[in-house]
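Attaching a single structure in structure tokens format; questions to follow.
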Amino acid sequence: MNHNGNNDAAETADLSLNADENAAGTSYLNDPLEDEGEIEKLKEDLQEQKDKYLRLMAEFDNFRRRTAKENLELRQTAAKDVIVSLLDVLDDSERAEKQLHGTDDIKKQKEGVQLVFDKLRNTLQQKGLKAMDSLHKDFDVEKHEAIAEIDAPKDKLKGKVLDEVQKGYYLNDKLIRFAKVVVGK
């Protein structure tokens with residue numbers, strides 16, 4: 001019985017397990033576990049998880065390196081494709097330059113220059129380049145850069161692009177250069 005006069009079974013059960021090995025009791029926390037097989041199983045599980053973790057980390061590291069290498073190769077290949085496609089335009093430009101020095105026929109010179117210009121434009125369009133259409137459109141700060149503002153000749157042209165000093169361009173529908181424009185006020 002305890003000092004309150006109650007006999008507490010839980011209190012006596014707690015006395016059999018003691019955390020202090022110098023105190024009275026029948027088993028201690030420092031005593032080895034009875035089931036050594038359970039400890040071995042836990043150690044094996046822990047080792048297996050460590051191995052999985054190491055393999056996963058190595059796999060991720062390899063993935064990261066491989067992705068970086070592929071990204072670099074893709075960038076180099078993309079630039080190479082554009083340059084190769086422009087080599088024909090460069091060849092035509094050199095032929096046109098020879099023709100400019102070899103003849104005084106203005107009509108032939110204009111035709112040669114126009115052919116080179118058309119080929120350059122077509123080559124760039126095939127690569128995804130698209131010119132922005134700005135003239136007489138509403139001024140938009142998201143795609144236009146106003147370099148001047150002049151009085152609009154008509155009221156309906158106020159806030160509109162009156163002149164395009166430099167074209168704006170999209171590459172695969174992404175803006176790559178703002179159009180430099182003159183805006184009506």
Side-chain angles (χ1 to χ4, degrees), residues 44-153 156-185:
E44 288 172 8
D45 287 349
L46 179 62
Q47 188 60 43
E48 184 179 318
Q49 292 302 319
K50 283 182 181 179
D51 290 345
K52 283 182 181 178
Y53 173 75
L54 289 174
R55 279 195 296 277
L56 186 62
M57 289 304 295
E59 205 173 298
F60 178 73
D61 195 40
N62 290 339
F63 169 77
R64 189 177 47 80
R65 275 195 227 117
R66 185 175 56 249
T67 304
K69 182 180 175 186
E70 288 170 357
N71 190 4
L72 179 63
E73 289 173 358
L74 180 64
R75 289 180 192 201
Q76 291 172 341
T77 303
K80 178 185 172 195
D81 290 344
V82 172
I83 297 297
V84 167
S85 68
L86 291 174
L87 290 177
D88 288 339
V89 176
L90 181 62
D91 293 341
D92 288 349
S93 297
E94 289 173 350
R95 283 191 283 278
E97 183 182 34
K98 286 180 186 175
Q99 186 179 4
L100 285 174
H101 296 297
T103 183
D104 291 332
D105 186 354
I106 297 296
K107 185 177 177 186
K108 282 187 177 184
Q109 291 176 351
K110 282 183 180 181
E111 286 175 8
V113 170
Q114 189 63 47
L115 285 173
V116 171
F117 179 70
D118 290 343
K119 190 168 197 171
L120 175 62
R121 184 180 321 145
N122 290 335
T123 301
L124 292 173
Q125 285 174 349
Q126 289 171 358
K127 296 296 178 187
L129 188 71
K130 180 181 168 192
M132 183 185 302
D133 183 25
S134 298
L135 208 52
H136 303 295
K137 305 278 187 205
D138 288 334
F139 175 75
D140 183 352
V141 295
E142 297 292 323
K143 56 185 179 180
H144 299 126
E145 180 182 336
I147 59 167
E149 196 174 35
I150 61 171
D151 291 327
K156 70 178 188 174
L157 292 177
K158 287 183 178 178
K160 305 253 185 215
V161 175
L162 300 180
D163 191 19
E164 192 174 51
V165 177
Q166 187 178 56
K167 276 194 175 297
Y169 287 97
Y170 297 101
L171 181 61
N172 299 321
D173 296 324
K174 183 179 179 193
L175 182 66
I176 60 169
R177 186 172 85 180
F178 290 90
K180 293 185 179 179
V181 298
V182 176
V183 182
K185 63 176 178 174

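Only this structure's heavy atoms are used, side chains among them; waters, hydrogens and symmetry mates stay out.
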Practice task
Mind checking the CZ-NZ spacing from F178 to K143? Nearest 0.5 Å is all I need.
Solution key: 11.0 Å
Practice task
Go through the side-chain N and O atoms of D51 and Q47 and say whether any donor and acceptor fall under 3.5 Å apart.
Solution key: yes
Practice task
Hey, could you give me the NZ/CG distance between K130 and L124, rounded to the nearest 0.5 Å?
Solution key: 15.5 Å
Problem - Spatial distance of atom CG (L72) from atom CD (E70) [nearest 0.5 Å] - result: 11.0 Å
Handout entry: Nearest heavy atoms of A96 and V116, plus distance in Å
Key = CB-CG2, 4.0 Å
Completion exercise
d(D133 CG, K167 NZ) to nearest 0.5 Å is 7.0 Å
Exercise for the section: Might you confirm whether atom NZ of K108 has over 12 heavy atoms from other residues, nucleotides or ligands at distances under 6.0 Å? Expected result: no
Practice task
Could you walk me through whether K127 and D81 pass side chain to side chain contact (heavy atoms under 4.5 Å, CB included), step by step?
Solution key: CA-CA 9 Å; K127 296 296 178 187; D81 290 344; 4.0 Å; yes
Completion exercise
Rounding to 0.5 Å, atoms CG (L87) and OG (S93) come to a distance of 11.0 Å
Completion exercise
Closest non-hydrogen atoms of A152 and L162, given as atom of the first, atom of the second and distance, are CA-CD1, 4.2 Å
Handout entry: Q49 atom CD: more than 12 heavy-atom contacts under 6.0 Å
Key = yes
Exercise for the section: Could you walk me through whether L129 and T123 pass the side chain to side chain contact (heavy atoms under 4.5 Å, CB included) test, one step at a time? Expected result: CA-CA 9 Å; L129 188 71; T123 301; over 6 Å; no
Handout entry: Exceeds 12 heavy-atom contacts within 6.0 angstrom, atom CD of E111
Key = yes
Practice task
Determine the minimum heavy-atom distance between H144 and F139, stating which atoms define it.
Solution key: CB-CE1, 3.5 Å
Practice task
Examine distances only and state if a side-chain atom of T103 and a backbone atom of Q99 form a donor-acceptor pair shorter than 3.5 Å.
Solution key: no
Handout entry: Separation between CG of D163 and NE2 of H136, rounded to the nearest 0.5 Å
Key = 9.0 Å
Practice task
Please assess D138 against K160 for the test side chain to side chain contact (heavy atoms under 4.5 Å, CB included), listing each intermediate value before the final yes or no.
Solution key: CA-CA 4 Å; D138 288 334; K160 305 253 185 215; 2.7 Å; yes
Exercise for the section: List the steps, then state whether side chain to side chain contact (heavy atoms under 4.5 Å, CB included) holds for K185 with I150. Expected result: CA-CA 6 Å; K185 63 176 178 174; I150 61 171; over 6 Å; no
Problem - Pairing residues for E48 by the salt bridge (charged side-chain N to carboxylate O under 4.0 Å, His left out) criterion, not counting sequence neighbours - result: K52
Exercise for the section: Ignoring hydrogens and angles, state whether a donor on the side chain of D118 or Q114 is under 3.5 Å from an acceptor on the partner side chain. Expected result: yes
Handout entry: Qualifying residue, where the test is side chain to side chain contact (heavy atoms under 4.5 Å, CB included) with M132 and the options are D140, V181, L175, I176
Key = L175
Practice task
Answer whether the closest heavy-atom distance between the side chains of R177 and Q166 falls below 4.5 Å.
Solution key: yes
Problem - Those residues that, when tested against R65, pass salt bridge (charged side-chain N to carboxylate O under 4.0 Å, His left out) (two or more places apart) - result: D61
